[in-house]
Amino acid sequence: MYALADVNSFYASCEVAWRPDLQGKPVVVLSNNDGCVIALSAEAKKLKIKMGAPYFKQRALFQQHNVVVFSSNYELYGDMSHRVMETLGALCPKIEIYSIDEAFLDLSRLPGDLDLESFGKEIRDTVKQHTRLTLGVGIAPTKTLAKLANFAAKKWTKSQGVIDLSDPVRQKKLMSYVPVEEVWGVGRRISKKLNDAGIKTALQLAECDLWFIRKNFNVVMERTVRELRGEPCLGFDEFAPAKQEIVCSRSFGTRVTAYQEMREAICYYATRASEKLRAEHQFCRQISVFVKTSPFAEGEIYYGNLASTRLITPTQDTRDIIFAATKCLDDIWKEGHRYQKAGVMLGDFFSQGVSQLHLFDERAPRANSDALMTLFDKINDKGKGTLWFAGQGISRDWQMKREMLSPAWTTRLSDVPVARA
DNA sequence: TCTGGGGTCCTAGGACCC
DNA sequence: TCTGGGGTCCTAGGACCC
């Protein structure tokens, strides 16, 4: 039996948790660069705000309803997430952290006489007490059903945030109400295709012929159908599997037109990606860079391109990665465009000790690489951005906009509120 | 003027092998 | 007139997730 615990309106709730004066008010959080709306408090959901739609198109609506707007503050959300996961881990030893705001709990090893619904309530109350954040909890024999139970727990307030779906009769009843697009793994494209075939509810999907699904969709969809029928197909990953790819990309605060600026940004992304790579204890062989102009700009010719290099020997040294990335940039840079976004991607990973040296690689190995990178990370760990590569530049006018950023309440000493007696 | 970032898995098709 | 069968590996693109 699994439980899925998921924080309601996570980003918006994190902001309100530290600003009790905002309780009961409509609050929204924007994506990076203050681009789109990506989180809404319950009060904001009642207004006609469109999730995922651009901020600038909804500004008038926000003013009209006195909506409080925040730029996204990932430092805060990351730390709050950590607190939630710690609390969940203390209540249930087997947990799989699925995303920043949700986790699956494996309930199979809990005492047999434990009432699942009251355990769900206990989880909810404890997290609330520790973090001021409210969870929805869904309990079921498969992950897909637990997701569905969680959806229902949030939707129907009389459930008080916890729904136990261990009973197959209750599973069917719920599925008959839930539209198929709410099923985990059914996105926009597939739900349209299912609707066209007359499949509108989760129950209809669960009762589909497996052969039909396999023929018209794929194995992923077949697993979803089986999971809805109560047959577990998705495993439980207590330990996060090693990453296969690392991406660092960002939209620019203002459009980039000068090569020098773009080069600075690429150096910065390459540095960040390298830091993530070392944090994963990996070496990479593939380095890619992409640049693009805005797909929405009218009267401009769209340009987007990607270049990759494959190294002979895997590396985790920022200097190698910056060198390769800037070379890639030179391959795709085109003068005369107003660039909106760029990024660096790392792939083809090797773990320490298994990288194969190359017979014909005449480049001298960097003797001090390991020590230098360790020191670099250690210094920056204490104070973000203390040491950086000159290529990143100093003024960095291209950096993203975050005009409504809240303080890092929990991770920066200077941001901790002062109480005066 | 202004439209996010970071991932995963699967499939089809091409190149190549014997 | 007629041209096999069985594989692997890689890449690009499409779908999904939060």
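Just so we're clear, the structure is a prediction, and the values are computed from it rather than from any experiment. Order of the sequence lines fixes the chain letters, A, B, ..., with proteins taken first and strands second; residue numbering starts at 1 for each chain.
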task: Identify which one of A/Phe323, A/Phe376, A/Tyr268, A/Tyr269 satisfies the ring pair (Phe, Tyr, Trp, His ring centres under 6.0 Å) criterion when paired with A/Phe389.
output: A/Phe376

task: Among the candidates B/dT3, C/dA15, B/dT8, find the nucleotide nearest to the side-chain atoms of A/Ile190.
output: C/dA15

message: Starting the side chain at C-beta, find the nucleotide from C/dC16, B/dG6, B/dT3 nearest to A/Phe56.
response: B/dT3

query: Does the side chain of A/Thr134 come under 3.5 Å of the side chain of A/Lys128 through a donor N or O and an acceptor N or O?
result: yes

- prompt: Side-chain N or O of A/Thr254 less than 4.0 angstrom from OP1 or OP2 on B/dT1?
  reply: no

- prompt: With both distances under 3.5 Å as the test, what is the Watson-Crick or G-U wobble partner of B/dC18?
  reply: C/dG5

- prompt: If you measure from the C1' atom in B/dC17 to the same atom in C/dG4, how many Å do you get, rounded?
  reply: 15 Å

task: Rounded to the nearest angstrom, tell me the gap between atom CD in A/Gln58 and atom C1' in B/dT1.
output: 17 Å

- request: Tell me whether the OP1 or OP2 atom of B/dG6 has a side-chain N or O from A/Lys276 closer than 4.0 Å.
  value: yes

- line: Ranking B/dT8, B/dT11, C/dT11 by distance to the side chain of A/Arg310, first place goes to C/dT11

query: A/Tyr55 ring centre to A/Arg59 NZ or CZ under 6.0 Å, with the angle to the axis within 45°?
result: yes

query: Start at the 5' end of DNA chain B and walk down; is the nucleotide closest to A/Glu245 or to A/Ala297 reached first?
result: A/Ala297

statement: Looking only at C/dA15, B/dG6, B/dG4, the nucleotide nearest the A/Arg189 side chain is C/dA15

query: Nearest to the side chain of A/Ile38 - B/dC10, B/dG4, C/dC18?
result: B/dG4

task: Report the distance from atom CD of A/Glu298 to atom P of B/dC2, rounded to the nearest whole Å.
output: 11 Å

- line: Ranking B/dC10, B/dG7, B/dC2 by distance to the side chain of A/Val219, first place goes to B/dC10

- request: To the nearest Å, give me how far apart CG (A/Leu346) and P (B/dG5) are.
  value: 17 Å

task: Give the nucleotide from the list C/dC17, B/dG4, B/dC2 with an atom nearest to the side chain of A/Arg59.
output: B/dC2

message: Starting the side chain at C-beta, find the nucleotide from B/dG5, B/dT3, C/dC18 nearest to A/Pro54.
response: B/dT3

query: Does a side-chain N or O from A/Lys341 land closer than 4.0 Å to OP1 or OP2 of B/dT3, or not?
result: no

message: I'd like to know if the side chain of A/Thr271 pairs up with that of A/Gln392 as donor and acceptor (distance under 3.5 Å, no hydrogens or angles considered).
response: yes

- request: Dump the intermediate steps for salt bridge (Lys or Arg N to Asp or Glu O under 4.0 Å) on A/Arg226 and A/Glu222, then the final yes or no.
  value: CA-CA 6 Å; A/Arg226 287 180 187 270; A/Glu222 183 181 338; 2.9 Å; yes

query: When you check the phosphate oxygens OP1 and OP2 of B/dC2, does a side-chain N or O of A/Arg338 lie under 4.0 Å from one of them?
result: yes

- request: Give a yes/no on whether any side-chain N or O of A/Gln340 is located under 4.0 angstrom from OP1 or OP2 of B/dG4.
  value: yes

query: Can you tell me how far OG1 of A/Thr309 sits from CD of A/Gln286, rounded to the nearest 0.5 angstrom?
result: 7.5 Å

- line: Side-chain contact check for A/Asn218: nearest option of C/dC18, B/dT11, B/dT3 is B/dT11

task: Would you classify A/Asp101 as touching base, sugar-phosphate or nothing, given that sugar-phosphate means primed atoms plus P, OP1 and OP2, and contacts are heavy atoms under 4.0 Å?
output: sugar-phosphate

message: Cation-pi check for A/Trp388 against A/Arg396: NZ or CZ below 6.0 Å from the six-membered ring centre and within 45 degrees of the axis, yes or no?
response: yes

message: Heavy atoms only, 4.0 Å cut-off, all strands: where does A/Lys50 land among base, sugar-phosphate and nothing?
response: nothing

field: Ion pair check, A/Glu182 and A/Lys155, cut-off under 4.0 Å
entry: no

field: A/Arg188 CZ - C/dG14 C1' separation (whole Å)
entry: 13 Å

- prompt: In whole angstroms, how far is the P atom of B/dG5 from the OH atom of A/Tyr77?
  reply: 15 Å

query: Can you tell me how far C1' of B/dG5 sits from NZ of A/Lys401, to the nearest Å?
result: 17 Å

- prompt: Base, sugar-phosphate alone, or nothing: which one does A/Lys57 contact when heavy atoms must sit under 4.0 Å apart?
  reply: base

N or O in side chain of A/Arg255 less than 4.0 angstrom from B/dC2 OP1/OP2: yes

- request: Determine the contact category for A/Tyr98: base if any of its heavy atoms lies under 4.0 Å from a base atom, sugar-phosphate if only primed atoms, P, OP1 or OP2 are that close, otherwise nothing.
  value: sugar-phosphate

query: Reckon A/Arg223 has a side-chain N or O less than 4.0 Å from the OP1 or OP2 of B/dC10?
result: yes

B/dG4 OP1/OP2 closer than 4.0 Å to side-chain N/O of A/Ser72: no

query: Does a nitrogen or oxygen in the side chain of A/Gln244 sit under 4.0 Å from OP1 or OP2 of B/dC9?
result: yes

query: Rounded to whole angstrom units, what separation is found between the NZ atom of A/Lys192 and the P atom of C/dC16?
result: 13 Å

- request: Starting from C1' on C/dC16, measure out to NZ on A/Lys143 and report it in whole angstrom.
  value: 15 Å

- prompt: Toward the 5' end of DNA chain B, which comes first, A/Phe296 or A/Ile246, by nearest nucleotide?
  reply: A/Phe296

